Structures are given as C-alpha cells and as structure tokens.
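One structure below.
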Amino acid sequence: MGIKTVAVHSDVDSSAVHVKVADEAVCVGPAPTSKSYLNMDAIMNAIKQTGAQAVSVCECAAEGVTFIGPDTHAIQAMGDKIESKLIAKAAKVNTIPGFDGVVKDAEEAVKIAGEIGYPVMIKASAGGGGKGMRIAWNDEETREGFRFSSQEALSSFGDDRLLIEKFIDNPRHIEIQVLADKHGNALWLNERECSIQRRNQKVVEEIDAACTVTFVRSGSCCEYVFLTQVEHPITECITGLDLVQQMIRIAKGYKLQHKQSDIPINGWAVESRVYAEDPYKSFGLPSIGRLSQYQEPLDLPNVRVDSGIQEGSDISIYYDPMISKLVTYGKTREEALKKMEDALDNYVIRGVTHNIPLLREIIVHSRFVSGDISTKFLPEVYPDGFKGHMLTAGERRELLATAAALYVAAQLRSQKFLGDLRVSVVPAECRRWELCVELDKGVHMLGVSRSGNNYTVEIDGEKVEVSGEWNLASALLPITINGKHRTLQCLLRTAAGEISLQYLGTSFKLRVLSKLAASLSKHMPEKVPEDTSSILRSPMPGSVVAVSVKPGDNVAEGQEICVIEAMKMQNSMTAAKTAKVKSVHCKAGDTVGEGDLLVELE
C-alpha cells in the first residue's frame with residue numbers, strides 16, 4: 001500500500017521478524033509485557049518520536065493519532081467482557097447466564113457460583129486467548145480459580161477484574177467476522193468453526209459456508225450466546241478480501257468497497273495453530289528454545305503461513321508460544337484437509353517441541369472428519385491424554401522398512417567421499433543386509449535388498465518396497481512405500497544405529513543394528529529409570545510464582561507445592577504422594593527450566 005511502518009518491541013524481541021520487516025523500530029521496554037507492550041507511556045513516546053500518523057493501540061486515539069480498527073467506544077465495549085454482555089443483553093442477544101458485575105474476592109466468587117449453579121466459568125473481563133480463565137465444579141475450585149485467574153489477568157492484561165458465568169458443557173464455538181466503516185455500512189464475512197480447543201484456546205479452525213464476534217452454541221439446545229474474539233486468515237482465503245487493508249482504508253475514512261452481495265464463499269479453508277508446546281503434556285505445555293532449523297511448507301499449493309518467527313528465533317517464557325497459523329484451502333473440505341496433512345508433514349521445526357503430532361491426529365480423526373466435534377473433543381477422544389499416532393500393522397511395517405532402508409543408504413554413503421569410493425580397493429558391494437530393528441520394545445529381524453534407489457524389505461514374511469532420492473542432508477525425506485507417497489522427517493541418526501523418524505506427524509524412536517551388533521547389545525547395561533514419586537520436577541520452563549511448603553512439612557497427595565507461570569499461564573504443581581518434605585530447591589521469583597528439580601519428598 002506504500003505505507004511506511006514502525007515496529008515497537010521489547011528488548012528480547014529486538015531481532016523479531018516484525019522488527020526486521022518494518023521501516024523503523026523502537027524499543028519500548030524490557031521483556032515483561034506490563035513494562036513494554038502494555039506500557040502506554042512508552043508507546044506514546046514511540047509515536048511522538050517517529051511521527052506516526054496511525055496506530056493499532058486504542059488508548060492512543062485520544063492523542064490525535066488515527067486508530068486502525070474499531071473506534072475507542074467499540075473496543076472498550078467489545079474488549080471488556082462485562083460491558084459487552086450488557087450491550088448484548090440490551091440488544092436482546094442471548095448471553096451466557098451469570099453475574100454481570102465485577103467479582104470482588106474469592107468468597108464472593110463462591111457465593112455467586114452457588115447462586116448460578118455449578119459448573120461455572122471464571123474469566124478475566126479484559127482477557128482473551130484462554131488466559132485468566134478457569135472452570136470450577138465446586139467451592140474449592142472456585143477459590144483456586146479466582147486466585148489463578150486474577151493473577152494471570154493482571155500479568156497478561158494489566159487488569160485483574162473477573163466475571164463468573166455458567167459453564168456451557170459440550171458447546172460448539174462459532175465465530176462470525178464483521179467489518180464496518182464510519183458511514184453506517186457493515187458486512188458479515190461468514191462463520192468460522194473453532195470448537196477444537198485446549199485450555200480454552202483454539203487449536204484448529206475452519207471456514208466455509210477486523211473485529212470478530214464469537215458465539216457459543218450449547219450442546220443441549222440450539223441456543224447461541226454472545227462472546228468476543230479476533231481472527232482473520234481463513235476468512236481471507238475464502239472471501240478474497242485483505243481484511244487488514246480494509247481496516248486501514250476504513251481508518252482513513254473511506255467507505256466499504258463491497259456490499260453484502262459481493263461477499264463470496266469460495267471453497268473451504270482450515271487453520272492449524274502451530275505452537276511451541278509438548279502435546280503429550282496436558283495437550284500442550286509450553287516449550288522454549290531456539291529454532292535451530294525452520295522451514296515452512298510454502299512450496300506446496302494453496303498453503304498460507306502467518307508467522308512471526310524465523311530460523312534462529314528464540315521462543316521465550318515471556319510471550320505466547322504460538323509459532324504460526326498454518327492455513328490450507330481447497331474447493332472442498334476434503335481437499336483442504338488433505339492439503340493440511342501434506343503441509344504438516346512438510347513443516348520442519350527443530351530446536352523446540354511442537355504440537356504438529358496432535359494437529360495431524362486431529363484432522364484425520366474420524367470424529368473430526370465427520371464433523372462430530374465440540375470444545376470437549378480433545379478430552380473425549382483422548383481421555384488418558386494424547387499418546388501420539390497409534391500404528392496399524394501396515395503402518396508399522398512401513399516405518400520399520402523405511403528405517404532399514406535409511407540405515408542401508410547411510411552405510412553406503414559412508415563408503416564414498418565426494419562421489420568416489422573412500423579406498424581404491426573394496427570388496428564387492430553387498431546387495432543384501434540382515435538387520436535387527438527395535439521399535440516400542442519390539443524386536444524385528446529384517447532382510448533388505450537394493451537395486452539403485454529402490455529397496456525391498458522383508459518383514460515377517462511380507463515384502464515392502466521403498467524408494468526415494470535418499471538425500472540424507474535434507475530435512476525432508478520424500479519416499480514412495482508400496483506405491484504410496486509419504487513425506488517423513490529424519491530427526492536423529494547416530495552411529496549407534498539410533499534413528500528418530502517423524503512419520504504421520506508423530507516422532508518414533510527406532511534402533512537399527514546389524515545381526516552381529518544386535519547379538520552383542522544384550523551385554524550393554526541398561527539405565528535404571530528415576531523414581532519420580534519422591535521428587536517434583538518442573539514439567540515446563542517458566543518462573544516460580546509461589547512456594548507453599550518448606551522442609552519438614554507434611555503434605556498430602558494432590559496438595560499444592562508450588563506455582564509455575566509459563567507464557568502468562570499459571571500452573572499448580574502438586575505432590576504425587578503423602579509424605580514429608582525433604583528439601584526445597586526453588587523460591588518465588590526463580591526461573592526454572594523443563595525438568596529442573598523443585599522439591600524432594602522423603
């Protein structure tokens with residue numbers, strides 16, 4: 001659009017992508033959001049310093065700077081959940097039953113919850129993104145939820161006001177995008193399905209048939225109730241509108257270019273939110289680290305990636321762990337979902353744990369494919385937690401055969417140097433290998449024969465044909481298995497025969513040994529696993545908010561020992577058994593890493 005831009009950033013974000021692509025950049029403070037991105041004095045100084053004419057921070061509208069987005073009144077009304085509910089009620093829109101005022105303290109929260117009837121949802125009035133939200137099923141959970149929600153709300157939004165509503169069990173989460181100008185014209189841009197969530201945060205979204213208005217559809221009736229949210233990529237895919245461009249035009253004072261009859265529904269779009277999280281821990285506890293390798297699947301058709309990071313970026317404990325919004329679109333839902341499978345398989349992320357295994361399992365699950373979903377999808381489908389992809393017998397053979405072929409390809413490459421043999425005289429090339437492959441404590445004897453880049457692997461009397469270019473330096477491993485195209489990723493390969501392969505989204509650890517090496521491996525000592533019942537380790541990186549025990553204290557099973565905050569979410573760490581506290585290795589204010597020892601029990 002020919003508009004020069006200014007990026008504001010905290011000191012830890014000085015090398016962030018948005019800083020690099022802007023024309024100018026101004027540091028507005030240290031890492032904590034309250035001292036940087038939510039520090040309005042620093043933001044105003046940046047505006048004055050650069051002479052910016054428009055800004056996307058609503059508090060600055062009163063300073064004579066054009067605000068890009070809804071006007072100040074609309075932002076305050078819709079951004080404040082208490083105010084927005086009152087407005088919705090006045091407009092005779094259904095809202096979730098609850099207390100419409102500010103909850104003063106934990107005891108008032110218990111009183112209000114009792115009047116509403118359990119279960120209830122405690123949420124930050126100024127909140128969003130699942131932060132400052134807790135579900136309570138009894139008085140004790142209400143007191144605990146009030147404490148955590150108010151602390152998270154203050155940390156994330158600088159506002160600890162809370163409200164309490166009836167918790168809608170088994171709902172669908174539907175969003176409707178709206179766009180309005182200053183001349184009385186408004187458009188609605190179709191609806192979005194956003195029911196796949198964890199910790200009240202969206203994971204997968206789709207759209208067929210800015211400011212966003214959100215509704216929750218009750219599972220027990222056809223009642224739609226009013227909430228508020230923000231989103232746009234998949235809407236842009238099926239409408240062809242650039243919503244950010246439209247917002248800038250509206251802010252300048254132009255009328256909307258389109259009428260409601262102009263808004264199309266072209267195909268289907270699906271969005272997967274890629275997070276730096278461990279999906280095997282509560283469907284996604286935060287992970288931190290540096291992206292040592294990062295490759296977006298943008299070479300695939302009909303794929304869009306909205307990201308704020310790049311190779312070398314740090315994922316820190318200070319901000320939301322989202323890596324990107326991965327969007328695919330096609331003429332039909334089936335086509336869009338198939339493209340999402342391919343995109344997730346071709347997405348290379350190294351250096352941090354990510355949730356691609358969970359995302360890929362969701363989009364191929366029979367319940368999701370059939371549309372039988374609600375916000376309880378994850379706990380219902382995975383009641384014992386997410387365990388990764390469960391291999392069928394055929395998939396297990398595919399994985400074993402691929403590992404064996406990869407091992408042989410690596411062995412053959414090691415015999416050559418710059419395309420030539422390492423030594424002038426070598427024995428005739430072996431054309432058959434007898435290998436032992438270990439997977440999930442199972443041991444399989446395989447026979448492998450080779451013809452060029454094609455491998456035939458015999459497993460339990462069945463043959464598997466595997467072929468490919470076998471570029472061992474590439475992050476991606478595109479191969480054909482029994483005539484079917486697959487894209488795997490080799491995450492690890494060691495001289496000891498250890499191979500980690502990302503297959504169908506999930507990482508599998510294998511070990512490939514020659515027949516001789518396998519016969520000798522039984523003499524190797526095994527590491528004794530640690531007794532975790534007497535120790536408490538941090539399940540994620542973060543900062544210690546509070547420690548509730550000291551050496552010599554007696555604790556009961558399930559009793560809170562300490563609280564860890566990670567990415568603005570507070571997590572209560574509890575005792576695994578009834579015991580006496582032997583030692584405490586952390587204090588409030590400490591920064592801890594994943595696996596750090598917090599407390600020892602006798």
Side-chain angles (χ1 to χ4, degrees), residues 5-33 35-38 46 56 129-131 156 201-203 231-233 244 271-279 281 284-300 303-327 343-359 473-476 489-492 502 505 507 540-543 565-569 591-595:
T5 55
V6 178
V8 294
H9 64 89
S10 66
D11 53 8
V12 296
D13 275 349
S14 59
S15 298
V17 172
H18 79 283
V19 174
K20 292 184 177 181
V21 299
D23 296 281
E24 296 180 64
V26 179
C27 181
V28 290
T33 53
K35 298 179 180 179
S36 52
Y37 296 111
L38 295 180
S56 57
K131 294 178 175 65
S156 298
Q201 290 179 309
K202 295 171 286 187
V203 178
E231 190 55 63
H232 68 91
V244 176
E271 175 184 304
S272 292
R273 293 189 168 197
V274 182
Y275 285 96
E277 292 181 337
D278 186 344
K281 297 178 179 178
L285 290 184
S287 169
I288 63 170
R290 176 164 292 174
L291 289 165
S292 56
Q293 193 170 8
Y294 183 73
Q295 183 177 317
E296 297 173 348
L298 293 174
D299 57 329
L300 302 179
V303 173
R304 167 176 170 171
V305 184
D306 285 16
S307 64
I309 49 86
Q310 60 188 359
E311 190 166 289
S313 292
D314 286 314
I315 306 295
S316 72
I317 65 173
Y318 299 109
Y319 311 119
D320 191 279
M322 182 184 288
I323 293 174
S324 71
K325 295 177 181 180
L326 174 64
V327 177
L344 290 169
D345 287 341
N346 284 270
Y347 205 148
V348 178
I349 303 173
R350 305 279 193 277
V352 297
T353 306
H354 54 77
N355 68 333
I356 283 180
L358 176 61
L359 294 171
S474 173
L476 298 173
Q489 296 185 32
C490 183
L491 308 178
L492 174 72
Q502 183 175 309
S507 174
M540 76 210 86
S543 58
E565 182 179 282
M567 278 83 170
K568 304 302 179 186
M569 299 288 286
T591 299
V592 295
E594 181 180 353

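Predicted, not measured: the structure shown is a model, and the values here were computed from it.
- Residues V303 and P297 come closest through the heavy atom pair CG1-O, 3.7 Å.
- Of all heavy-atom pairs spanning S14 and H9, the tightest one is CA-ND1, 3.6 Å.
- Under the side chain to side chain contact (heavy atoms under 4.5 Å, CB included) test applied with P541, the options I315, T591, V592, I317 reduce to a single match, I317.
- Atom OH of Y319 sits about 4.5 Å away from atom OG of S36, to the nearest 0.5 Å.
- Here the shortest heavy-atom pairing between T353 and P279 reads CG2-CD, 4.4 Å.
- Classified by interplanar angle (parallel below 30°, tilted 30° to 60°, perpendicular above 60°), the ring pair H18/Y37 is tilted.
- Under the side-chain hydrogen bond (donor to acceptor under 3.5 Å, both in side chains) criterion, S543 pairs with no residue, sequence neighbours left out.
- Using a 4.5 Å heavy-atom cutoff, the side chains of S324 and V274 are in contact.
- Using a 4.5 Å cut-off on side-chain heavy atoms (C-beta onward), R273 and Q201 make no contact.
- Closest non-hydrogen pair, Q489 versus N346, comes out as NE2-C, 4.3 Å.
- Applying the side chain to side chain contact (heavy atoms under 4.5 Å, CB included) criterion to S474, with sequence neighbours excluded, gives N471, L476.
- D345 meets the side-chain hydrogen bond (donor to acceptor under 3.5 Å, both in side chains) test with R360; sequence neighbours excluded.
- Using a 4.5 Å heavy-atom cutoff, the side chains of H354 and S287 are not in contact.
- In this structure, the side chain to side chain contact (heavy atoms under 4.5 Å, CB included) partners of L38, at least two apart in sequence or on a different chain, are T33.
- Listed by chain and number, the residues in a side-chain hydrogen bond (donor to acceptor under 3.5 Å, both in side chains) with D11 amount to none (sequence neighbours excluded).
- Scored by the side chain to side chain contact (heavy atoms under 4.5 Å, CB included) test, R290 finds D314 as partners (sequence neighbours excluded).
- Atom-to-atom distance recorded for I349:CD1 and L491:CG is 11.0 Å, nearest 0.5 angstrom.
- Taking 4.5 Å as the limit, every side-chain heavy atom of L326 sits out of range of all side-chain heavy atoms of L359.
- To the nearest 0.5 Å, atom CD of residue E296 and atom CD of residue E311 are 11.0 Å apart.
- Smallest separation of non-hydrogen atoms from P30 and S10: O-CB, 3.6 Å.
- The salt bridge (charged side-chain N to carboxylate O under 4.0 Å, His left out) contacts involving residues 21-32 comprise nothing, where partners must be two or more places apart or lie in separate chains.
- By the salt bridge (charged side-chain N to carboxylate O under 4.0 Å, His left out) test, E594 pairs with K281, sequence neighbours left out.
- For L492, the side chain to side chain contact (heavy atoms under 4.5 Å, CB included) partners two or more places apart in sequence, or in a different chain, are T494, S500.
- Residues that satisfy the side-chain hydrogen bond (donor to acceptor under 3.5 Å, both in side chains) test with N355, not counting sequence neighbours, are absent from this structure.
- Under the 4.5 Å side-chain criterion, counting only non-hydrogen atoms from C-beta, V327 is in contact with E271.
- What you find for V8 and A46 is that their closest heavy atoms are CG1-CB, 3.9 Å.
- Residues satisfying the ring-ring contact (aromatic ring centres under 6.0 Å, His included) test with Y347, not counting sequence neighbours, are Y294.
- In this structure, the side chains of E277 and L358 stay at 4.5 Å or more apart for every pair of heavy atoms.
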